[in-house]
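The sequence lines fix the lettering, A, B, ..., with proteins before strands; numbering per chain opens at 1. Both backbone and side-chain heavy atoms feed into the values below; hydrogens, waters and symmetry mates do not.
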There are 2 protein chains.
Amino acid sequence: MLSRRCTYGLQAALFLASQERGAYIPIQRISECLGLSFHFLTKVLQHLTHHGLLRSLRGPHGGVALARPPGQITLKEIVVAIDGPDLFEACVLGLPGCGEQKPCPLHEDWKEVRGCLRNAFAGTTLAMLVAEPERLAAWQACWTTSPDAASAHS
Amino acid sequence: MLSRRCTYGLQAALFLASQERGAYIPIQRISECLGLSFHFLTKVLQHLTHHGLLRSLRGPHGGVALARPPGQITLKEIVVAIDGPDLFEACVLGLPGCGEQKPCPLHEDWKEVRGCLRNAFAGTTLAMLVAEPERLAAWQACWTTSPDAASAHS
DNA sequence: CTGGTTTAGGACTCTTTTGTCTTTATTATA
DNA sequence: TATAATAAAGACAAAAGAGTCCTAAACCAG
Ligand code: SF4
Ligand code: SF4
């Protein structure tokens with residue numbers, strides 16, 4: 001459904017949304033907390049930076065941060081930036097030369113499902129996922145429990 | 001969203017559903033009508049045969065046919081046979097060790113979307129897509145118009 | 001039994017995705 | 001200015017997906 005890169009991007013974005021607003025977080029730390037490959041995550045986040053969804057800063061105290069308030073970033077934006085708009089436009093049968101004019105028998109039904117999908121992603125912002133204390137706690141529980149992340153950073 | 005193999009399988013199944021009930025259709029003919037690679041389609045349909053969704057017969061007048069009446073075959077069965085159940089069970093974030101007990105902030109919302117998706121595929125049979133004359137016509141228009149398929153078979 | 005037709009099965013190539021590693025450019029701080 | 005920290009960029013390897021092709025096995029008709 002979603003590519004791996006995309007899920008990593010979403011995880012990282014959600015992580016940033018749950019941190020202090022506007023703070024630059026090193027990718028190293030994100031990758032450790034979420035248990036992802038540092039180098040691979042770097043690639044994904046570079047991509048998001050190019051698309052203007054993240055800001056980045058090199059050097060000491062550098063890292064990445066959300067480019068906009070988390071209330072203004074939808075999940076759909078992130079998915080589209082990484083995987084492209086296919087998920088929200090593609091179709092089940094993938095027939096050549098079909099469409100509204102020449103719809104296959106599934107067209108109408110599928111359009112509905114696709115709309116459902118699109119609404120879910122477009123109608124959810126990062127802020128919505130960390131606003132309620134219980135949701136935030138649930139999210140943090142997903143990564144704060146990773147054992148090796150607790151090792152001190154000298 | 002769906003793998004290529006999966007869309008090919010769905011197209012072929014729909015094609016068979018629109019043919020005479022129980023008749024064996026050569027894969028060669030299916031591939032020509034739908035404009036798909038014969039060898040690749042063969043692989044996909046072999047897979048469906050192994051999963052008991054198709055019957056097959058070698059030799060002259062052989063081919064493949066639906067193993068059950070099209071009214072008893074859902075799109076979900078075909079998708080699961082080819083792509084596996086991931087689409088209907090997988091999740092957006094793909095966190096390790098999460099689930100009902102330790103849900104991420106998206107879990108509930110996502111479950112809803114996934115249910116929508118599952119209902120659409122599980123609630124649609126092949127017969128439903130070719131029962132209404134207009135739908136059948138729409139479907140046939142998708143492939144009967146391929147120009148080279150009209151060339152006589154000597 | 002013989003020969004042509006059709007699926008079955010596997011080897012193989014090409015492309016995309018995933019992941020690793022190394023080097024370079026930029027920044028803050030001492 | 002020197003040093004350490006950090007993202008940026010690109011080369012490279014490994015794995016999965018897509019697609020091609022060839023041979024074998026089954027089947028029917030004569
Ligand atoms: S008609 Fe619509 S649903 Fe059918 S194959 Fe084309 S785009 Fe997909
Ligand atoms: S809690 Fe649910 S939605 Fe969240 S990552 Fe796990 S399975 Fe996916």
| query | Between atom CZ in R58(A) and atom P in dT23(C), what is the gap in whole Å? | reply | 17 Å

| request: Return the value, rounded to whole Å, for the distance between atom CG of L57(B) and atom C1' of dA29(D). | output: 14 Å

| task | To the nearest Å, give me how far apart CZ (F40(A)) and P (dA7(D)) are. | result | 17 Å

| note | Heavy atoms of C6(B) and D83(B) approach each other most closely as CB-OD2, 3.5 Å

| message | Could you check whether R29(A) pairs with E32(A) (Lys NZ or Arg NE/NH1/NH2 to Asp/Glu carboxylate O, under 4.0 Å)? | response | no

| query | Which nucleotide sits closest to the side chain of S56(A): dA7(D), dC27(D), dA18(D)? | reply | dA7(D)

| request: To the nearest Å, give me how far apart CG (L41(B)) and C1' (dA8(C)) are. | output: 14 Å

| task | Would you please confirm or rule out a distance under 4.0 Å between OP1 or OP2 of dT20(C) and any side-chain N or O of S37(A)? | result | yes

| task | Please step through side-chain contact (heavy atoms from CB on, under 4.5 Å) for the pair T125(B) and Q72(B), ending with a clear verdict. | result | CA-CA 6 Å; T125(B) 66; Q72(B) 296 176 18; over 6 Å; no

| Integer-rounded Å distance: dA16(D) P and R5(B) CZ | 14 Å

| remark: Among the nucleotides dC21(D), dT7(C), dT6(D), whichever has the atom closest to the side chain of K43(B) is dC21(D)

| query | For the residue pair H51(B) and H47(B), does the interplanar ring angle fall in the parallel (under 30°), tilted (30 to 60°) or perpendicular (over 60°) class? | reply | tilted

| field | Shortest non-hydrogen separation from L129(A) to R135(A) and the atoms involved | value | O-CB, 3.5 Å

| query | Quick one: does R4(B) reach the base of dA18(D) with a side-chain donor-acceptor pair under 3.5 Å? | reply | no

| request: On DNA chain C, check which nucleotide each of Y8(A) and G59(A) is closest to and give me the residue with the more 5' one. | output: Y8(A)

| message | When you measure from the side-chain N and O atoms of H50(B) to the phosphate of dG9(C), is any distance below 4.0 Å, counting only OP1 and OP2? | response | yes

| dT29(C) OP1/OP2 closer than 4.0 Å to side-chain N/O of H61(A) | yes

| Checking all strands, does L45(A) fall into the base, sugar-phosphate, or nothing category for heavy-atom contacts under 4.0 angstrom? | nothing

| To the nearest Å, how far apart are L36(A) CG and dT18(C) P? | 13 Å

| How close or far is atom P of dG19(D) from atom CD1 of I82(B), stated in whole angstroms? | 13 Å

| note | Quick note, P60(B) side chain, CB onward, closest among dA28(C), dG4(C), dT20(C) is dG4(C)

| OP1 or OP2 of dA8(C) less than 4.0 angstrom from a side-chain nitrogen or oxygen of T42(B), does that happen here? | no

| How do F38(A) and Q46(B) order along DNA chain C: which one's closest nucleotide is nearer the 5' end? | Q46(B)

| request: Whole angstrom is fine here: how far is it from CG in L48(A) over to C1' in dA7(D)? | output: 14 Å

| task | Return the nearest nucleotide to the side chain of H39(A); candidates are dC21(C), dA29(D), dT6(D). | result | dC21(C)

